[in-house]
Enquirer: 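Below: one structure in structure tokens.
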There are 2 protein chains.
Amino acid sequence: MVEVAIADKPGSASASSQRQRIVAAAIACFARSGFHGASMQAICAEAAMSPGALYRYFPSKEAIISAIAEAEHEAHAAFFARMEAADDPVEALTSIGVEALQALLASPTNTLQVETMAEAIRNPAIRAGFQRNCDEAAAMIVAALRRGQANGQVDPDLDIEVACQLVMALGDGLSAHQALDSGLSPERLRPVLQTLLRRFFRPPSTS
Amino acid sequence: MVEVAIADKPGSASASSQRQRIVAAAIACFARSGFHGASMQAICAEAAMSPGALYRYFPSKEAIISAIAEAEHEAHAAFFARMEAADDPVEALTSIGVEALQALLASPTNTLQVETMAEAIRNPAIRAGFQRNCDEAAAMIVAALRRGQANGQVDPDLDIEVACQLVMALGDGLSAHQALDSGLSPERLRPVLQTLLRRFFRPPSTS
DNA sequence: CTTATGAGAATGAACGTTCGCTCTCACAAG
DNA sequence: CTTGTGAGAGCGAACGTTCATTCTCATAAG
């Protein structure tokens, strides 16, 4: 599924491409059965690889989980980095939210979001990654909203930090609900989400 | 922790009180280690009961999980039932949201919310319960908001069903975030949440 | 030959669950 | 009152399975 572009070592199959093969297989298995429900044997089968070979590239199951969480972190970061360049933070939040949800719909990682959160509650390594993720995203969103306040695009009386937490919680909640069922199509969601964000963040009409 | 009020059978300890003892112990263990991380031995130890005794009251681990999910369902239903009697659906949503979050903070079930969602992705029985829960809550919220529209308390142009999904996702996201880190105190949250819900749902000011 | 790579059986621990036994106690018989 | 009985409740060792991980050995490349 995921192919590597650059060669790593002149060996038959580069080490990093083997790792990526394992990660892709693990994502498929974890999405199917959860972190604890998927066995290493199943991951080995999915990757067409023996346990001995797999353990040459990852020291433990947890290391694979961490690698996946790290990859998710980078994907998230890419989304939120767009907040930095946005002219209008409110419209940017809407677009990013809808697009992230659309991307999730077409990805095998959609169920892993909830899985990762559940794992983060108990696994300190995952938890640390999750919080770092949250903190980085929050920093970008808060900064963008503060800029918006300075530009008159965002209500200056809002408690921006709490508002940011609310918006991030909304995003995670939406991704969870969407992984579960929710015949909620992005097309139908978009205008309502846009209304919510605009009314929430825009300065009360004094015109 | 949980005491039974009505006698069940003239036996020394009533069957239903034993079940409640097991459920309470299981909640503690699941909150500590997750559904799959907690062993039956650990639940037995927490309940001060042997495996043989425990299996007299529950046929399997999954049955305990289902019983907990069912109990959560009833707790949720109690919250959302208040929507029916509310004069103002927007203010009711705010109060219910803050109170539910406060109740969660003081309860051992706070981390179970995420756990249950993760389990619902894969376990059909849990999933069915979760969806039933969602559907019932959505029905009440939608009905209340429709009444609000008729009374001029809610923007008549809103897509109420989608708006309801958004609000429920927000609630689940908040409970998840609060189980994970929660520098978010209910006192600080309340006014911001109130602002969000009011601005989202109220008719745009035409006064 | 040396070294990196992989296969796959083996390992020991831990799991959910079961089973046979013991204990307790209400109650009837003597 | 004492004794016998039967059933419900509980105990905890043991079972079979599955898991993550490791070990040994074969193979291919340099």
Side-chain angles (χ1 to χ4, degrees), chain A residues 4 7-30 32-69 115 119 122-123 125-126, chain B residues 4 7-30 32-69 115 118-119 122-126:
Chain A
V4 72
D8 217 311
K9 279 290 174 60
S12 61
S14 77
S16 84
S17 81
Q18 292 287 68
R19 283 177 61 96
Q20 290 197 359
R21 181 149 71 105
I22 293 166
V23 164
I27 286 175
C29 290
F30 289 153
R32 205 182 301 126
S33 319
F35 286 148
H36 293 283
S39 71
M40 293 299 266
Q41 302 279 353
I43 298 173
C44 289
E46 181 84 23
M49 188 180 275
S50 68
L54 191 151
Y55 271 88
R56 191 168 291 277
Y57 297 100
F58 285 97
S60 68
K61 190 183 191 177
E62 214 191 296
I64 302 179
I65 297 176
S66 288
I68 293 175
E115 202 74 40
E119 185 71 12
R122 248 158 286 101
N123 185 324
I126 306 296
Chain B
V4 72
D8 220 308
K9 280 289 173 63
S12 61
S14 79
S16 83
S17 82
Q18 291 289 69
R19 283 177 60 98
Q20 292 197 358
R21 181 150 71 103
I22 293 166
V23 164
I27 286 175
C29 290
F30 289 151
R32 207 183 300 125
S33 319
F35 286 148
H36 293 284
S39 71
M40 292 299 264
Q41 302 279 354
I43 298 172
C44 289
E46 182 85 23
M49 187 181 276
S50 69
L54 190 149
Y55 273 88
R56 189 172 291 276
Y57 297 101
F58 285 96
S60 68
K61 190 183 192 178
E62 214 192 298
I64 302 180
I65 296 176
S66 288
I68 292 176
E115 202 73 41
E119 185 70 12
R122 246 159 287 100
N123 185 326
I126 306 297

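Chain identifiers are assigned alphabetically (A, B, ...) following the order of the sequence lines, protein sequences preceding nucleic acid strands; residue numbering begins at 1 within each chain.
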Enquirer: Mind checking A38(A) for me? I need base, sugar-phosphate or nothing, with any heavy atom below 4.0 Å counting as a touch.
Expert: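 Sugar-phosphate, backbone atoms only, no base.
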Enquirer: Whole-Å distance between dC11(D) P and M40(B) CE?
Expert: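 After rounding, the gap between these two atoms is 15 Å.
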Enquirer: Rounded to the nearest 0.5 Å, what separates atom CD in Q20(B) from atom OH in Y57(B)?
Expert: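 Atom-to-atom, Q20(B):CD and Y57(B):OH are 13.0 Å apart.
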Enquirer: From CZ of R19(A) over to P of dT5(C), roughly how many Å is that when rounded to an integer?
Expert: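 It is 14 Å, rounded to the nearest whole Å.
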Enquirer: Distance check: side-chain N/O of Q18(A) vs OP1/OP2 of dG6(C), anything under 4.0 Å?
Expert: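 Checking dG6(C) against Q18(A), a side-chain N or O does come within under 4.0 Å of OP1 or OP2.
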Enquirer: For Q41(A) and dA10(C), what is the distance between atoms CD and P respectively, to the nearest whole Å?
Expert: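 In whole Å, dA10(C) P lies 13 Å from Q41(A) CD.
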Enquirer: Of the listed nucleotides (dT17(C), dG10(D), dC19(D)), which one gets closest to any side-chain atom of S60(B)?
Expert: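 Among dT17(C), dG10(D), dC19(D), the one nearest the side chain of S60(B) is dT17(C).
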Enquirer: Got a donor-acceptor pair under 3.5 Å from the side chain of R56(B) to the base of dG8(D)?
Expert: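 No, the side chain and the base share no sub-3.5 Å donor-acceptor pair.
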Enquirer: Check this for me, if you would: do E46(B) and R32(B) make a salt bridge, where the nitrogen-to-carboxylate-oxygen distance has to be below 4.0 angstrom?
Expert: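 Answer for the salt bridge query: yes.
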Enquirer: Roughly how far, to the nearest 0.5 Å, is CD of Q41(B) from SG of C29(B)?
Expert: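 Going from the SG atom of C29(B) to the CD atom of Q41(B) covers 11.0 Å.
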Enquirer: Could you state the atom-to-atom distance from CE of M49(A) to P of dT5(C) in whole Å?
Expert: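 That distance rounds to 12 Å.
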Enquirer: Indicate whether OP1 or OP2 belonging to dG6(C) is found under 4.0 Å from a side-chain N or O atom of Y57(A).
Expert: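 Looking at the OP1 and OP2 atoms of dG6(C), one of them is under 4.0 Å from a side-chain N or O of Y57(A).
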Enquirer: Taking the nucleotide of DNA chain D with the nearest heavy atom to each, does G37(A) or G52(B) sit closer to the 5' end?
Expert: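 Closer to the 5' end of DNA chain D: G52(B).
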Enquirer: Nearest to the side chain of P51(B), heavy atoms from C-beta on, is which of dG6(C), dG12(D), dT21(D)?
Expert: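 For P51(B), the side-chain atoms sit closest to dG12(D).
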Enquirer: Rounding to a whole Å, what distance do you find between R21(A):CZ and dT5(C):C1'?
Expert: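 From R21(A) CZ to dT5(C) C1': 12 Å.
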Enquirer: Using atom CD1 of I43(A) as one end and atom C1' of dG8(C) as the other, report the distance to the nearest whole Å.
Expert: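 Those two atoms, CD1 and C1', are 18 Å apart.
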Enquirer: Can you tell me how far CD1 of I43(A) sits from CG of L54(A), rounded to the nearest 0.5 angstrom?
Expert: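 Between L54(A) CG and I43(A) CD1, I get 7.0 Å after rounding to 0.5 Å.
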Enquirer: Rounded off to whole Å, could you give me the NE2-to-P distance for the H36(B) and dA20(D) pair?
Expert: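 Going from H36(B) (NE2) to dA20(D) (P), I get 13 Å.
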Enquirer: Would the distance check show the side chain of K61(A) and the main-chain N or O of S39(A) forming a donor-acceptor pair, the cut-off being under 3.5 Å?
Expert: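 No; zero donor-acceptor contacts below 3.5 Å.
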Enquirer: Can you tell me the distance, in whole Å, between the OH atom of Y55(B) and the P atom of dG16(C)?
Expert: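 In whole Å, dG16(C) P lies 7 Å from Y55(B) OH.
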